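Order of appearance sets the numbers: ligands from 1, and atoms from 1 within every ligand. Keep in mind that what you see is a predicted model, and the values were worked out from it rather than measured.
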Amino acid sequence: LTGARVSVRSFELGSSRIWIGEGAFGASEAWLAEWLEGRSVFVVTTPRVRLLHGGALGPLRQRARRWSVLEVPEGEAAKSVAVATALWERLVGEGVKRDSRLIGFGGGSVGDLGGFVAATILRGIEFSLLPTTLLAQVDASIGGKTAIDLPAAKNSVGAFHSPRFVVSDTAWLATLDPAEARAGWVEAVKKAVAFDRPLFERFQGSAALAQGFDGSLVPLLVDSAAHKIEVVRADPFEGGERRLLNLGHTLGHAIETAAGYGRLRHGECVVYGLLFALQLAEARGLPPADAAAVRDLLARLQPPALPRLDAAELMLLMARDKKALESGLPWVLPCRLGRAELEVVSHSEVEERLPRFLKAPWESASATL
Ligand SMILES: NC(=O)c1ccc[n+]([C@@H]2O[C@H](COP(=O)([O-])OP(=O)(O)OC[C@H]3O[C@@H](n4cnc5c(N)ncnc54)[C@H](O)[C@@H]3O)[C@@H](O)[C@H]2O)c1
Ligand SMILES: [Zn+2]
């Protein structure tokens with residue numbers, strides 16, 4: 001352990017071991033070192049993360065037999081077939097073996113891509129995640145989902161492949177752009193809306209959210225992540241309750257694809273997906289006061305305005321959603337604050353509401369009737 005600043009929680013989840021908190025890296029270092037001792041290690045990261053925090057990995061590097069840093073583009077651009085192909089070729093070119101190690105060091109994009117490459121190269125090698133964004137620490141690093149995008153459909157190619165270790169050191173978040181941190185909180189707020197009213201109320205009471213991240217928010221971050229861990233533990237392959245974590249993602253993913261990957265942050269698209277879900281939910285009896293409370297909290301996270309988007313294109317993109325059934329698309333809709341349910345919403349209702357929503361996304365459903 002590295003001293004007084006350590007305030008870290010650790011969890012076991014299936015075959016994964018997870019550390020979260022201020023000083024998590026120090027707390028996990030001996031485990032990571034043993035895991036990669038004497039092996040070829042491939043570190044997938046971005047230039048920015050390498051520059052800002054790469055020095056932290058120095059002691060691990062000493063323990064590896066070989067250490068290759070594979071830089072990939074910043075942001076969603078990393079999650080492409082072309083980048084995955086380049087990594088596969090690099091790994092094979094450098095003699096990857098079944099017991100080589102891969103580390104994803106960066107945000108959710110690096111984790112999704114790195115995990116996917118680890119899942120597929122030689123039919124799967126072990127990997128670990130060192131998430132450096134708030135979104136990746138509270139959400140993306142937990143649960144074993146890996147994916148890349150096709151131009152026409154986000155996350156459409158992927159696999160379940162669980163990391164051996166996840167080390168979420170909140171000290172790395174100090175360099176994060178505040179807008180990036182706010183977009184990350186959206187995933188945690190989403191979870192509170194779908195599952196946990198007391199957690200939602202803690203978000204309401206946290207004025208510091210508007211500034212992004214600071215040390216006072218570490219407990220909220222750790223508890224949000226712990227909550228996701230419990231949801232995944234109960235439903236690892238998304239047959240039941242875990243599906244509720246998709247709240248805000250049906251329209252959110254379509255917006256992300258239609259706007260062009262990288263134009264809006266993932267969390268920002270989920271804000272708009274959530275706002276639309278609120279409209280559908282209000283029409284089904286979500287109390288207006290609950291909907292208003294969610295809108296207020298999302299407004300404090302200050303997403304940029306929605307760009308001009310074509311409703312027909314969004315309808316087409318949603319039809320390609322991974323969750324789509326022959327009978328229609330199951331939407332996750334809150335029935336009250338802290339509880340969500342799955343409901344199949346007809347194509348025609350969505351088609352009718354969407355154009356108005358795109359013009360006035362913050363309105364309540366009563367205003368749109
Ligand atoms: N697998 C899952 O279960 C899951 C869940 C939620 C989201 N996701 C995916 O996660 C992705 C979004 O991840 P994200 O929000 O972390 O964004 P990101 O990975 O695109 O990172 C955003 C930017 O922040 C930079 N950055 C990272 N760490 C930094 C630091 N400590 N200081 C300064 N800059 C830093 C990155 O280099 C990048 O430029 C999406 O592709 C989304 O689909 C996956
Ligand atoms: Zn998400």
Side-chain angles (χ1 to χ4, degrees), residues 16 25 44-56 71-80 83 104-116 119 129-149 153-163 166 168-191 194 212-213 224-225 228-229 231-232 236-238 242-253 255-257 261-274 322 332:
S16 302
F25 184 72
V44 179
T45 189
T46 72
R48 186 181 306 159
V49 172
R50 183 182 195 182
L51 187 72
L52 289 170
H53 301 292
E71 286 188 348
V72 300
E74 305 288 340
E76 196 69 21
K79 287 174 59 175
S80 71
V83 175
F105 183 42
S109 312
V110 162
D112 278 11
L113 166 76
F116 178 69
L129 290 175
L130 310 184
T132 60
T133 64
L134 195 143
L135 184 140
Q137 295 193 353
V138 294
D139 190 0
S141 64
I142 301 162
K145 282 194 195 177
T146 75
I148 57 173
D149 303 326
K154 192 179 146 71
N155 288 347
S156 46
V157 180
F160 277 103
H161 189 51
S162 289
V166 179
S168 289
D169 196 324
T170 52
W172 291 327
L173 304 182
T175 54
L176 205 57
D177 183 305
E180 208 65 71
R182 288 194 294 264
W185 284 120
V186 174
E187 297 276 21
V189 167
K190 158 208 86 178
K191 209 157 35 187
F213 178 77
S224 298
K228 174 152 185 193
I229 289 170
V231 173
V232 172
F237 297 106
E238 208 170 302
R242 185 172 176 186
R243 289 180 295 176
L244 303 180
L245 293 175
N246 291 315
L247 174 61
H249 282 63
T250 304
L251 182 60
H253 278 161
I255 289 174
E256 200 170 348
T257 306
Y261 299 134
R263 166 93 182 264
L264 290 171
R265 295 180 173 88
H266 176 69
E268 294 165 353
C269 297
V270 175
V271 168
Y272 289 102
L274 246 164
K322 286 191 295 306
V332 184

Mode of T146 contact toward ligand 1 - side chain, backbone, both, neither (heavy atoms, under 4.0 Å):
neither
Selected option - heavy-atom contact closest to atom 23 (C) of ligand 1, from E180, R265, K79:
E180
Where's the contact between V49 and ligand 1, heavy-atom distance under 4.0 Å: side chain, backbone, both or neither?
side chain
Closest to atom 42 (C) of ligand 1 (heavy atoms only, candidates K154, E256, K190) is K154
Could an N or O of ligand 1 be found under 3.5 Å from any N or O of E187, whether backbone or side chain?
no
Any N/O pair D139/ligand 1 closer than 3.5 Å
no
Quick one: look up the protein heavy atom nearest atom 40 (C) of ligand 1 and list residue, atom name and how far away it is.
E76 OE1, 3.4 Å
Numbering the atoms of ligand 1 from 1, which are under 4.0 Å from a heavy atom of G108?
10 (O), 11 (C), 13 (O), 14 (P), 16 (O), 19 (O)
Give the atom numbers and elements of ligand 1 that come within less than 4.0 Å of a heavy atom of L52.
32 (N), 33 (C)
For L245, is there any backbone N or O sitting under 3.5 Å from a side-chain donor or acceptor partner on K191?
no
Any heavy atom of H266 under 4.0 Å from ligand 1? The part involved is side chain
Verdict with supporting geometry, L113 and I148, side chain to side chain contact (heavy atoms under 4.5 Å, CB included)
CA-CA 6 Å; L113 166 76; I148 57 173; 3.9 Å; yes
Tell me, which protein residue and heavy-atom name are nearest atom 35 (C) of ligand 1, and how many Å apart are they?
L176 CD1, 3.7 Å
Please evaluate residues Y272 and L251 with respect to the criterion side chain to side chain contact (heavy atoms under 4.5 Å, CB included), reporting the C-alpha separation (whole Å), side-chain torsions for both, the decisive distance (0.1 Å), and the verdict.
CA-CA 8 Å; Y272 289 102; L251 182 60; 5.6 Å; no
Looking at ligand 1, does any of its N/O atoms fall within less than 3.5 Å of an N/O of D177?
no
If you count the atoms of ligand 1 from 1 in the order shown, which ones are under 4.0 Å from a heavy atom of H53?
31 (N)
So does E187 have any N/O/S atom less than 2.8 Å away from the Zn ion (ligand 2)?
yes
How are the rings of H253 and H266 set relative to one another: parallel (under 30°), tilted (30 to 60°) or perpendicular (over 60°)?
tilted
For ligand 1, note which part of L135 has a heavy atom under 4.0 Å away: side chain, backbone, both or neither.
side chain
Atom 33 (C) of ligand 1: which protein heavy atom is closest, and how many Å away?
T175 O, 3.3 Å
Closest protein heavy atom to atom 36 (C) of ligand 1, given as residue, atom name and distance to 0.1 Å:
E74 OE1, 3.3 Å
Filtering S109, G252, G144 for the heavy atom nearest atom 17 (O) of ligand 1 leaves S109
Less than 4.0 Å between a side-chain N and a carboxylate O, is that true for K154 and E76?
yes
Number the atoms of ligand 1 from 1 as they appear, then name those within less than 4.0 Å of a heavy atom of G107, with their elements.
16 (O), 19 (O)
Can you figure out which of L245, L134, V186, D112 has its heavy atom closest to atom 9 (C) of ligand 1?
D112
On the 0 to 90° scale, with breaks at 30° and 60°, tag the F237-F160 ring pair as parallel, tilted or perpendicular.
perpendicular
Examine the proximity of ligand 1 to T132 and report which part, side chain or backbone, both or neither, has a heavy atom under 4.0 Å away.
both
Does a donor on one side chain and an acceptor on the other come within less than 3.5 Å for T132 and H53?
no
For the side chain of T146 and the backbone of A159, is there at least one donor-acceptor N/O pair under 3.5 Å apart?
yes
